[in-house]
Each structure stands twice: as C-alpha cells, then as structure tokens.
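What's counted below: heavy atoms across the whole structure, side chains too, no hydrogens, waters or symmetry copies. All ligand and atom numbering here is 1-based and tracks the order in the structure.
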Amino acid sequence: MSSEIRFLCVACIQACTVFFLVIADQTTQQGGLNVPKQVHIGFGKTTNDMIVMWSTVRNDSSVVEYHTGDNSVESVSSASGSTVYFPENSNGLQYLHRVVLTNLRPGVKYFYNVRGENRDSLSDQFSFTTPESNGKQTFMIFGDMGTMTKSLPFIVYEATGKTKYASIFHLGDIAYDLGRENGAVGDKFFSKVERMAARIPYMTIPGDHEMFQNSRNHYFHRLSNPGKDWPMQQEDLWYSVNIGKTHFICISTEVFFTNKQNIQKIMDWLVQDLEEANTHRQKYPWIIVMAHRPLYCSTDDKNEDCTKAHSVVRTHLEDMFYFYGVDLVFSGHQHMYERTWPVYKNRVLAYNYLDPRGTVHIVIGNMGNVYLTEKGSKPGGAWSSFISPSEHEMYGRLHVHNNTHIYWEVLGAQDNDLYDSRWIIQRIHGPFNKSSIFIPDPLGAAGAAWREQQEDDSNDIISLRFFYMNGDDYSHRITVLTFTVIILLFGLCFKKKILNVIRLCFVKQESLPK
Ligand SMILES: *[C@@H]1O[C@H](CO)[C@@H](O)[C@H](O)[C@H]1NC(C)=O
Ligand SMILES: *[C@@H]1O[C@H](CO)[C@@H](O)[C@H](O)[C@H]1NC(C)=O
Ligand SMILES: *[C@@H]1O[C@H](CO)[C@@H](O)[C@H](O)[C@H]1NC(C)=O
C-alpha cells in the first residue's frame with residue numbers, strides 16, 4: 001500500500017518536472033538570448049527628447065527605430081546609442097543600453113522598437129506620446145515601490161489604462177533593492193514595470209535604498225537622468241525638467257545623510273535652478289519639488305529626520321523653497337500618506353489652498369506598505385491637514401489643469417478608491433516671503449516659545465518629562481494612566497496575597513511550635 005503511494009508520488013513529481021522543463025524551454029525560446037528586455041523610457045533635457053533604455057544577455061549594439069504611425073518604411077527613423085557592460089549585475093542581464101531620441105514633436109504619438117545587430121534581437125513594439133505645452137496634464141506619483149509591493153501589477157495596469165499620464169514619478173526606494181541578489185531583484189523589477197515604463201516616461205529620484213553600497217551602481221547604470229551623462233555619477237542625481245506648465249525639480253535628499261560632500265553642490269545648483277525658474281514663471285508657473293525624504297511628517301518613529309525639531313532636510317531646504325515660492329513638495333520614505341496645509345517653520349499660513357503663501361507638503365510613500373506598515377496616526381502639528389488612517393497601498397494623480405488650478409487625488413492602488421482630493425489654486429505665483437502673513441499662535445508669543453521648548457525637549461526621549469508632558473501626545477498620557485490604574489486595581493484585588501508574599505520575604509519565619 002505505502003509503496004504504491006510512493007510510486008505515485010515519484011511519478012507525479014517526474015511528470016511535473018518534465019512539464020516545467022518544457023515550459024521553461026519554450027519561454028527561453030520565445031524570449032531568446034538576444035531579445036532586449038526591461039525596456040523603459042524617460043525624458044531627456046526637454047520633453048522633446050526621450051531616453052530609451054534596455055538590457056540584454058549578450059553584447060550587442062543599441063538602436064531604436066521609431067515612427068509616427070504610418071508604417072511606410074521611409075518614415076521610420078533610427079537612432080543609435082551606447083552599450084555598457086555592467087559585471088556587477090552578475091545574476092541579471094549585464095549589457096545595458098541607452099539611446100536618446102531628440103527633436104521629437106510635442107503632442108505626437110511615437111511607435112518604437114529597440115534592437116541590436118544580433119539575430120532575433122528585435123523587441124516588441126511600444127509607443128509613447130510626447131506632452132503638449134498647453135492643456136491639462138496628469139502625473140502619476142508614488143514612492144517606495146518594490147518587487148514585493150502587492151499592488152504593483154495594478155499600478156502597471158492603471159498607468160497604461162484610461163487616464164493618460166504625461167509621466168510617472170517614483171520618489172525613490174526602487175525594487176528593494178536594485179542590487180539585491182546580485183541584481184536579480186533589480187531585473188525582476190524592471191521586467192515587472194516594463195509594460196508601463198516602456199510607454200510612460202518613468203522619472204525617478206534616489207532614496208536611501210539606492211545609496212546602499214550594492215545598489216548605488218545599479219541606480220547609476222540602470223537609469224539615466226535628463227541632461228546628465230550615463231552611467232551616472234553622484235552629481236548626476238539631481239535635475240529639473242519642464243513638463244507642460246510645471247517646472248519639476250528632482251533632488252537627492254541622500255546628500256544630507258550618506259553623501260555629505262555634495263551638500264554644497266546641490267545647494268548651489270538648487271539656488272541657481274530656482275532663480276532661473278522664477279524668471280520663467282509666466283511660462284512655467286508651477287514649481288514642484290520631488291524629494292525622497294519629507295520636510296514634514298507625522299510618525300511615531302522619533303529617529304526619522306522629519307519628526308525632529310531641527311530636521312536636517314528641513315533646515316537645508318525650507319527657507320530656499322519659501323523664498324523661491326515652491327508650490328508643492330512630494331516625498332516618500334515614510335510608508336504613509338499625509339498632506340499639510342501651506343506651512344513655513346512649523347507655522348500654518350492658511351487653513352485652505354486658495355493662493356497659498358507657503359509650500360504644501362505631501363508624503364506619499366505607501367506603496368511600501370508591505371515592507372513596513374505605518375499608519376501615521378499621530379498628527380505632528382497644526383500643519384498636518386490630512387493623514388490617511390488606512391494601511392492600503394496608494395498612489396497619487398496630479399492634474400495640472402492650467403496656470404492657476406491643480407487637482408490632487410490619492411487612490412487605493414488595488415481598487416482606485418478615492419482617499420483624498422483637493423484643489424490647489426494659485427493666482428500669484430512667485431516668492432512667498434514677499435507677502436506672507438502668519439496665522440498668529442493662539443497662545444501668543446509665550447505660546448510659541450513654550451512650543452519650541454517642548455520640541456527641543458521631545459528630542460530627549462529618556463527624560464521622565466517625555467512620559468507625562470510630551471506636548472500634545474494625549475495617547476501617551478492615556479497609556480501611562482491606564483497602566484497606573486491597572487497596577488492599582490491589581491494591588492487592590494490581591495492585597496492579601498501581596499502582603500503575604502511581602503511578609504514571607506521580609507519577616508523572619510517564626511519557629512513552628514512543637
Ligand atoms: C561589445 O562589442 C563591441 C563591438 O563589437 C566591442 O567594441 C566591445 O568591446 C564589446 N564589449 C565587451 C564587454 O565585450
Ligand atoms: C483653470 O482650470 C479650472 C479647472 O478646470 C477652471 O475652472 C478655470 O476656469 C481655468 N482657468 C483658466 C484661466 O482657464
Ligand atoms: C526674502 O528672502 C530673501 C532671501 O532670504 C531676502 O533676500 C529678501 O529680502 C526677502 N524678502 C522679503 C520681502 O522679506
């Protein structure tokens with residue numbers, strides 16, 4: 001009997017193995033060794049340039065053939081670029097390709113495929129549409145997405161669906177991590193997102209996960225920033241690009257932590273870029289910054305820079321953003337969603353979004369939920385307007401309607417349920433410090449001083465003060481109170497037993513009478 005079962009099992013396993021071998025063989029044949037994989041695109045110096053990248057197993061040349069739809073052979077243009085051998089991707093595809101298409105026409109749909117010279121080295125055909133300079137534009141924004149993000153396939157589906165996105169912004173922490181398992185994870189990620197990233201410009205900034213030793217070079221090689229050399233260097237990690245009505249500034253906040261020798265470089269570049277952007281505000285009225293680490297956030301994790309009274313990121317950037325009138329800052333890093341009021345130096349400038357006189361901050365890192373869930377339940381200050389109480393994975397849609405109107409929506413990645421939406425109306429673009437009026441602290445100057453004092457003290461976690469006087473943290477006080485009550489009740493209920501134990505321990509045993 002038992003030997004029969006064993007025989008059946010062995011037969012089953014053998015049949016399955018053969019089946020899988022056949023399938024595996026077919027897949028390799030279909031996607032032979034020379035076929036380009038992991039195709040993705042991103043804007044070049046302007047939106048009339050497109051950078052096309054892909055990977056192959058074998059060394060091959062890098063060519064993109066593109067046309068605008070009428071399939072006559074004469075209308076097909078071709079451009080060639082460069083191939084880089086990347087031995088560090090030892091578990092992945094080691095030949096990386098990059099071609100820049102230039103002088104594309106705005107608002108035109110282009111079809112393209114990539115190829116090399118080897119036999120069978122032709123990719124599928126993809127298409128993208130270059131943005132127009134006028135008219136409404138929609139952007140997809142999310143942070144902290146990896147191969148394990150449950151709703152990644154939904155995001156890919158959404159990006160290529162009904163809503164026409166001008167581009168995607170992935171705010172750092174990519175794949176978790178690009179270099180893990182000697183590149184296998186990075187390859188898996190770019191295969192998974194190919195369907196969208198080969199069609200919608202996929203714009204990125206580095207997060208802390210792209211700065212780890214074994215992932216940094218992967219970021220430098222697998223991606224290429226507008227107007228920068230390739231493979232990238234540390235100084236190529238920040239860039240700006242005008243899309244439609246918006247001047248997007250994409251920075252690396254990691255310079256403030258793991259790459260400090262570049263702080264001065266990025267600060268100089270930012271001042272220069274913002275200065276120039278303000279001279280073009282007629283044409284590009286909106287200035288939006290993309291940064292991995294937020295300037296403001298509400299999280300219980302006291303180690304996070306954004307919770308600190310003297311946050312490194314905020315100290316470096318806030319005055320500059322205020323002076324140059326940065327409308328919005330998007331960031332990830334915290335795996336949550338939060339939207340602030342217009343804020344400057346912890347003070348709210350208005351409890352609405354009508355002609356804000358300060359920057360509005362949005363944290364949207366909750367595609368990273370599977371990696372660490374944060375519910376962001378504790379408002380960090382009066383500046384926090386909305387914190388999502390949900391642990392769902394979410395992405396944002398930014399609709400830039402025209403010079404004055406932006407509509408921001410946050411949706412569940414698996415079901416497109418609406419979690420938050422707001423109009424932001426700005427009719428007086430420009431530096432904020434020319435006209436700001438703060439909403440006074442309800443407690444006056446004494447109140448402001450007290451609050452600052454509280455913030456300084458809250459850094460000092462060990463002090464007893466933290467336990468019962470921690471600013472507005474009522475939940476903390478309630479916890480302490482609850483525990484005190486429980487201990488008291490316990491004492492009351494077991495008074496006799498406790499007293500007995502004490503007596504046994506401390507009172508000398510009387511010698512038993514004979
Ligand atoms: C790839 O091929 C090109 C041209 O055939 C050659 O110049 C280059 O050295 C090759 N690269 C590697 C790493 O073999
Ligand atoms: C800008 O867009 C909003 C929303 O679509 C619209 O109400 C407003 O009239 C537009 N403004 C101009 C100047 O077109
Ligand atoms: C705004 O800030 C800049 C830079 O800090 C300063 O040069 C300028 O005088 C300020 N303007 C006003 C009106 O305070």
Side-chain angles (χ1 to χ4, degrees), residues 32-38 52-65 78-100 107 114-123 131-141 162-166 182-183 186-187 217-218 220-222 224 229-232 242-248 280-288 325 327-328 339 342 352-356 360 396-411 418 420-430:
L33 285 180
N34 295 323
V35 173
K37 301 268 172 65
Q38 306 167 36
V52 186
M53 301 186 80
W54 68 95
S55 310
T56 52
V57 175
R58 295 201 185 131
N59 191 10
D60 207 342
S61 55
S62 312
V63 177
V64 174
E65 292 167 333
S78 103
S80 54
S82 45
T83 309
V84 161
Y85 175 56
F86 184 43
E88 272 177 59
N89 201 25
S90 52
N91 270 347
L93 276 47
Q94 292 177 307
Y95 290 90
L96 306 179
H97 306 258
R98 175 183 176 263
V99 172
V100 186
V114 311
R115 66 166 174 80
E117 266 150 26
N118 286 326
R119 239 183 90 240
D120 308 328
S121 66
L122 189 69
S123 77
E132 286 182 75
S133 45
N134 279 307
K136 180 184 148 186
Q137 241 134 36
T138 301
F139 303 91
M140 178 184 262
I141 302 175
K162 263 206 318 264
T163 310
K164 299 285 167 239
Y165 292 101
N182 294 323
D187 272 39
N217 273 338
H218 283 261
F220 292 166
H221 283 80
R222 288 170 184 274
S224 169
D229 288 341
W230 180 73
M232 292 192 273
N242 298 316
I243 312 176
K245 299 260 168 227
T246 311
H247 182 70
F248 286 100
H280 297 138
R281 272 201 120 141
Q282 295 288 340
K283 204 168 172 203
Y284 310 108
W286 299 98
I287 298 182
I288 295 180
D327 296 289
L328 283 158
R339 165 172 53 76
N352 60 49
Y353 299 99
L354 184 62
D355 300 329
V360 174
R397 272 187 205 153
L398 182 78
H399 306 274
V400 182
H401 278 252
N402 50 37
N403 288 358
T404 51
H405 284 62
I406 272 185
Y407 188 61
W408 167 244
E409 298 179 280
V410 174
L411 300 115
L418 187 65
D420 186 34
S421 65
R422 276 290 180 277
W423 280 101
I424 296 169
I425 299 168
Q426 182 60 276
R427 294 166 299 186
I428 24 174
H429 291 279

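With respect to the salt-bridge test (charged N to carboxylate O, under 4.0 angstrom), the residues Asp60 and Arg119 do not qualify. A salt bridge does not link Asp420 to Arg397: none of the charged side-chain nitrogens sits closer than 4.0 Å to a carboxylate oxygen.
Counted by atom type alone, Arg427 and Asn403 present zero donor-acceptor pairs between their side chains at under 3.5 Å. A donor and an acceptor atom, one from each side chain of Thr56 and His97, are located under 3.5 Å apart. A donor atom on one side chain and an acceptor atom on the other are not found under 3.5 Å apart for His218 and Glu88. Between the side chains of Tyr284 and Thr246, no donor-acceptor pair is found at a separation under 3.5 Å.
Among protein heavy atoms, the minimum distance from atom 7 (O) of ligand 2 is reached at His405 NE2, 4.2 Å. For atom 13 (C) of ligand 2, the closest non-hydrogen atom on the protein side is Asn402 ND2, 4.5 Å.
Close N/O approach between Asn59 and ligand 1 is found [any backbone or side-chain N/O within under 3.5 Å]. Taking any N or O of Trp423, backbone or side chain, none lies under 3.5 Å from an N or O belonging to ligand 2.
Distances from atom 9 (O) of ligand 1 to the protein include no heavy-atom value under 4.0 Å. Less than 4.0 angstrom separates atom 5 (O) of ligand 1 from none of the non-hydrogen atoms of the protein.
The side chain of Tyr95, and not its backbone, has at least one atom closer than 4.0 Å to an atom of ligand 1 (non-hydrogen atoms only; side chain from C-beta on).
Those atoms of ligand 2 that come under 4.0 Å of a heavy atom in His401, given as number and element, are 2 (O), 4 (C), 5 (O).
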